[in-house]
Amino acid sequence: MIRTLVKDALNATAPADAILLQGWVRTRRDAKAFSFIELNDGSCLKGLQVIVDAALPDYVHIAKANTGASVEVSGKLVESKGGGQKWEVVAEKFTVLGEADATYPLQKKGHTMEFLREIAHLRPRSNLFGAVFRVRSRLAYAVHQFFQDKGFYYVHTPIVTASDAEGAGDMFRVTTLDLENPPKAEGGKHVDHAKDFFGKKTFLTVSGQLEAEIFACALSNVYTFGPTFRAENSHTSRHASEFWMIEPEVAFCDLHGDMDLAEEFVKYLIRDVRAHCAGDLEFFSKFVDQELLARLDFVLDKPFVRCSYTEAVEILGKSGKTWEHPVAWGDNLQSEHERYLTEEHFKCPVTVYNYPRAIKAFYMRQTDGCADGRETVAAMDLLVPGIGEIIGGSQREERLDKLRAGMVLHHLDEKNYWWYLDLRRYGTVPHAGFGLGFERMLMFVTGVANIRDVIPFARTPGTAEF
RNA sequence: UGCCCGGUAGCUCAGUGGUAGAGCAGGUGACUGUUAAUCACUUGGUCGUAGGUUCGAUCCCUACCCGGGCAGCCA
C-alpha cells in the first residue's frame, strides 16, 4: 500500500477503505474502549486523528505510542464522529516504529522560542517551526519562479572569494594554513598568504553582487540566491552570521527601474505565500502576530512610498521627536529614524533613495547635478514596518572615470578590481540591482520576530551547534 | 563591541539573609467520542560557575559563563 500524506488525507473528498499513514504522535488520549492519536507527518500544520480500538490485536502497542513516537497506521478513512475534524482514520494495523520516552522535550504545552532554539534538531516537529520551514521552502520556490518567469537567469556566484566586495563588514577567513605555525614572509613578520591554498587571502563571500554584475553585462537579467557570510559581532534579532540573500542585477536599468522591480518582487512573494501557505499563515496570525494577515494585505494593496534621503531628513527634522541620534544631512539614517518613517509617518513600506555619496559604497552611481556638499548616489533602501531595512540596492556606476573616483574616495586599490573596471572599459551599460535578505523577508511574511527562528540552524556569534 | 534584563524541578515561573514552592510534563488510580481532555494522589532541585561579605547566602557584592533585548554594522 502506498503511503498517504496527512495533508492529502485531510483534503479527501470521499472515505477510503484502505489507507496507510506514517508519522509522529503529537498527543494520545486514552478512552476505555479505544485511544485517540493525533498523527502529524509534517506535510501540513494539522494532524490526523487516528482511532485505535482496544479490541485490536495491535492495541498492546498503544502504551508505547507516546508523544514524539513514530508510528505506522493502516486502516479506513472515515468521517469523524467527533466535532473537531472532518476525517479520521480507524486503525486496523498499528505499529510503533520508534519509541519516544518521557525525556522527549516537546510537550503538549507552549515552549519559549529560546528553549526551542536549544533543541534545533527537534523543533521542526513543533507546530510553529514546521510552519516556518514549510513557508521558507515555498518562499524560496517563489523567488525562483518570480525571476524565471521574467526571463532572469540564475547565476551561481562563488562562496569563496578573494575580493572583499565593497568593504562591507568583516569577513570570515578561508585558509588551510597551520594557524599554530603559519609560513612567514617579509623577514618573519607577516603571514605569507602566497603559500595559502589559493595563493592569496581568501574569504567567505559577503555578497555576490560584483560577480552578478559581470553576468548582467552578458545575459542582461540575472539573479543570485545563495548563502552569504558576515563576521560582524552583531547581537540583534535581525542579524545572522550566515544568511541567504537574493541579488538581482539588471542591465539597461536605472534606479527607478530597480525600485519598481524591488516593489514588484516583494509583493509577488507576499502574494505567493498568502496563496500557497494559507494554513500556516493563519497559525502565525493566531499565535505569533495578530496583525499579520492585515499587514500583509495592506502591503499588497498600497503602492510603496518613495522618498528621497533629503526629504526623509526634512521629515525627521520636522517630526517634533527627540532622537537619540540627531538627524543631519550627510549622516546615515539610524534604526529609530527608519522605524519612524515606515511605522509612524508613512505607515507602510518606504523606499528611501539618493543617499549622500560619502556614506555609501564606491560602486553606486553618482547623481548628476547635485549642489556642492550635497553629492548623492543612486542608492535605495526599502524599509518595512517591524523589521526596518529589508532591501538595499543601487544603480551601479557605469562610467569608468566616475567609478575610479569613487574608489579613490573609498581608499580602494584599483588592482584588486581590474576585472570590475573592465566591465566599464568594454561595452559598459547602465545597470542596477539590489539585495533582499531572505530571512528578513521570511520574518516579515511570518511575523516571527527573531531571525534565529526562521533559519533551520542559525549561525550567530558564539553559536554554531548542529 | 557598548548599555540593559535574566539564569531556581524536564518545561514555564513565583519566592525568602535561617539551605525552597506552584502550574504543566512524568508516575499511579479514576473517568471520558476525546481535542493542550478532566479529577485525585505522587516522584522530582549541589537555586548558572567561582570567589567574597556574613554566625549563616539561592537571596547581598565581585568576576566569569550562558541566554535574551536594545544600539552600532547591515540584508
Side-chain angles (χ1 to χ4, degrees), chain A residues 26-38 46-53 63 66-68 78 80-85 88 90 100-119 126-127 165-170 206-209 225 227-247 262 287 323-325 331-339 359-361 379 381-384 387-393 434-444 449-455 460-463 465:
Chain A
R26 275 297 170 76
T27 66
R28 190 185 87 221
R29 295 175 290 273
D30 296 329
K32 187 165 265 177
F34 45 82
S35 291
F36 297 102
I37 282 175
E38 191 190 328
K46 285 192 170 175
L48 184 60
Q49 176 158 284
V50 175
I51 315 281
V52 187
D53 197 292
N66 294 319
T67 300
V78 301
S80 178
K81 289 185 220 162
Q85 57 284 316
E88 65 189 18
V90 177
D101 67 15
T103 61
Y104 183 65
L106 290 173
Q107 300 175 3
K108 289 181 245 182
K109 60 170 229 161
H111 292 287
T112 59
M113 303 292 257
E114 290 78 14
F115 172 68
L116 291 166
R117 260 171 232 154
E118 291 170 4
I119 51 166
S126 67
N127 282 333
E166 75 199 80
D170 292 328
V206 295
S207 164
Q209 180 202 312
F225 182 17
T228 47
F229 306 86
R230 305 276 165 94
E232 299 286 349
N233 195 10
S234 299
H235 292 262
T236 81
S237 54
R238 55 194 195 287
H239 290 85
S241 309
E242 176 182 327
F243 63 98
W244 282 56
M245 191 154 60
I246 298 126
E247 296 179 289
F287 294 104
W323 304 107
E324 195 181 321
H325 303 269
D331 292 342
N332 227 329
L333 298 183
Q334 306 296 319
S335 283
E336 58 175 336
H337 307 140
E338 296 183 340
R339 234 181 295 125
I359 58 169
K360 286 292 181 182
D381 282 353
L382 175 59
L383 314 175
V384 296
I387 292 165
E389 185 176 344
I390 197 167
I391 278 178
F434 62 80
L436 170 76
F438 184 62
E439 283 81 8
R440 289 193 181 169
M441 188 64 205
L442 198 51
M443 289 165 74
F444 187 70
N450 195 309
I451 198 165
R452 284 170 268 232
D453 298 322
V454 296
I455 303 180
T460 52
T463 305
E465 192 67 59

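The sequence lines fix the lettering, A, B, ..., with proteins before strands; numbering per chain opens at 1.
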A/Asp381 atom CG is separated from B/C73 atom C1', nearest whole Å, by 13 Å
Heavy-atom closest pair (A/Glu439 atom, A/Phe243 atom, distance to 0.1 Å) is OE1-CB, 3.4 Å
| task | Could you work out the separation of B/U62 and B/C41 based on their C1' atoms and round it to a whole Å? | result | 46 Å
Open item on the list: I'd like to know if the side chain of A/Glu338 and the backbone of A/Glu336 have a donor-acceptor N/O pair within less than 3.5 Å.
Closed with: no
Output one line per pair: protein atom, nucleotide atom from nucleotides 64-72 of chain B, and distance, for all N/O pairs under 3.5 Å.
| from | atom 1 | to | atom 2 | distance (Å) |
| --- | --- | --- | --- | --- |
| B/G68 | OP1 | A/Arg117 | NH1 | 3.1 |
| B/G69 | OP1 | A/Asn450 | ND2 | 2.5 |
| B/G69 | OP2 | A/Arg452 | NH2 | 2.8 |
| B/C70 | OP2 | A/Ser237 | OG | 3.3 |
| B/C70 | N4 | A/His235 | O | 2.9 |
| B/A71 | OP1 | A/Arg339 | NH2 | 2.2 |
| B/G72 | OP1 | A/Gln334 | OE1 | 2.6 |
| B/G72 | OP1 | A/Ser335 | N | 3.2 |
| B/G72 | OP2 | A/Ser335 | OG | 2.9 |

For A/Tyr104, the side chain to side chain contact (heavy atoms under 4.5 Å, CB included) test, sequence neighbours excluded, returns A/Thr67, A/Ala100, A/Leu106, A/Leu122, A/Arg125
On RNA chain B, more 5' by nearest nucleotide between A/Ala240 and A/Thr27 is A/Thr27
What pairs of nitrogen or oxygen atoms, one from the protein and one from nucleotides 27-29 of chain B, lie under 3.5 Å apart?
none

_When the C1' atoms of B/C31 and B/U38 are compared, how many Å lie between them, rounded to an integer?_
8 Å
Give each protein N/O atom lying under 3.5 Å from an N/O atom of nucleotides 32-35 of chain B, with the pair distance.
| from | atom 1 | to | atom 2 | distance (Å) |
| --- | --- | --- | --- | --- |
| B/U32 | N3 | A/Asp30 | O | 3.0 |
| B/U32 | O4 | A/Asp30 | O | 3.0 |
| B/U32 | O4 | A/Lys32 | N | 3.3 |
| B/G33 | O6 | A/Lys81 | NZ | 3.3 |
| B/G33 | N1 | A/Glu88 | OE2 | 2.7 |
| B/G33 | N2 | A/Gln49 | NE2 | 3.1 |
| B/G33 | N2 | A/Ser80 | OG | 3.3 |
| B/G33 | N2 | A/Gly82 | N | 3.4 |
| B/G33 | N2 | A/Glu88 | OE1 | 2.4 |
| B/G33 | N2 | A/Glu88 | OE2 | 3.3 |
| B/U34 | O2' | A/Arg29 | NE | 3.3 |
| B/U34 | O2 | A/Arg29 | NE | 2.7 |
| B/U34 | O2 | A/Arg29 | NH2 | 3.1 |
| B/U34 | N3 | A/Gln49 | OE1 | 2.9 |
| B/U34 | N3 | A/Gln49 | NE2 | 3.1 |
| B/U34 | O4 | A/Gln49 | NE2 | 2.6 |
| B/U34 | O4 | A/Gln85 | NE2 | 3.1 |
| B/U35 | O2 | A/Gln85 | OE1 | 3.3 |
| B/U35 | N3 | A/Gln85 | OE1 | 3.3 |
| B/U35 | O4 | A/Gly83 | N | 2.9 |
| B/U35 | O4 | A/Gly84 | N | 3.2 |

note: A/Met443, atom CE; B/C74, atom C1'; distance rounded to Å ~ 13 Å
Self-check item: Atom C1', compared across B/G23 and B/U19: separation rounded to whole Å
Solution: 24 Å
Distance between the P atoms of B/G48 and B/A75, in whole angstroms? 41 Å
**Side chain A/His337, main chain A/His325, donor-acceptor under 3.5 Å** = yes
How is A/Phe243 classified with respect to the nucleic acid when contacts are heavy atoms under 4.0 Å: base, sugar-phosphate, or nothing? base
In whole Å, what separates the P atom of B/C3 from that of B/C13?
-> 26 Å
Taken to the nearest whole Å, CZ/A/Phe444 to P/B/A75 is 18 Å
Heavy atoms of A/Gln85 and A/Ser80 approach each other most closely as NE2-OG, 3.0 Å
Between A/Asn233 and A/Pro461 the two heavy atoms that sit nearest each other are OD1-CB, 3.4 Å
Whole-Å distance, A/Phe229 CZ to B/C73 P, equals 23 Å
_Suppose you measure atom P in B/U58 against the same atom in B/U8; what distance do you get, rounded to whole Å?_
15 Å
Separation of B/C13 atom P from A/His111 atom NE2, nearest Å, is 12 Å
Value for CD (A/Glu465) from CD (A/Glu118), rounded to nearest 0.5 Å, stands at 10.0 Å
Here the distance between atom C1' of B/C74 and atom CG of A/Leu383, to the nearest Å, is 12 Å
In this structure, CD1 of A/Ile455 is separated from CG of A/Leu442 (nearest 0.5 Å) by 9.0 Å
Task: Pairwise P distance, B/G29 and B/U46 [rounded to whole Å] - done: 29 Å
query = How far, in whole Å, is B/G15 from B/A37 if one measures between their C1' atoms?
reply = 32 Å
>> Base, sugar-phosphate or nothing for A/Ala33? Non-hydrogen atoms, less than 4.0 Å.
In response: nothing
Between CD1 of A/Ile451 and P of B/A75 the distance, given in whole Å, is 12 Å
A correct dot-bracket answer for RNA chain B, with pairs being Watson-Crick or G-U at under 3.5 Å, [ ] for crossing pairs and | for inter-strand pairs, is (((((((..((((....[..)))).(((((.......))))).....(((((..]....))))))))))))....
Output yes when a side-chain donor or acceptor of A/Arg440 lies under 3.5 Å from a complementary backbone atom of A/Arg238, and no otherwise. yes
dist A/Asn66:CG -> A/Thr27:OG1 (nearest 0.5 Å) comes out at 11.5 Å
In this structure, CZ of A/Arg452 is separated from CG of A/Leu116 (nearest 0.5 Å) by 14.0 Å
ring-ring contact (aromatic ring centres under 6.0 Å, His included) filter on A/His239, not counting sequence neighbours, yields none
Inset, instruction - Answer yes or no: is there a side-chain heavy-atom contact under 4.5 Å between A/Ile391 and A/Leu436? - result: yes
Taken to the nearest 0.5 Å, the spacing of A/Phe34 CZ from A/Asp53 CG works out to 7.5 Å
Separation of B/A75 atom C1' from A/Glu338 atom CD, nearest Å, is 11 Å
Using modelled atom types only, decide if a donor and an acceptor are shared between the side chain of A/Thr460 and the backbone of A/Thr463 within a distance under 3.5 Å.
-> no
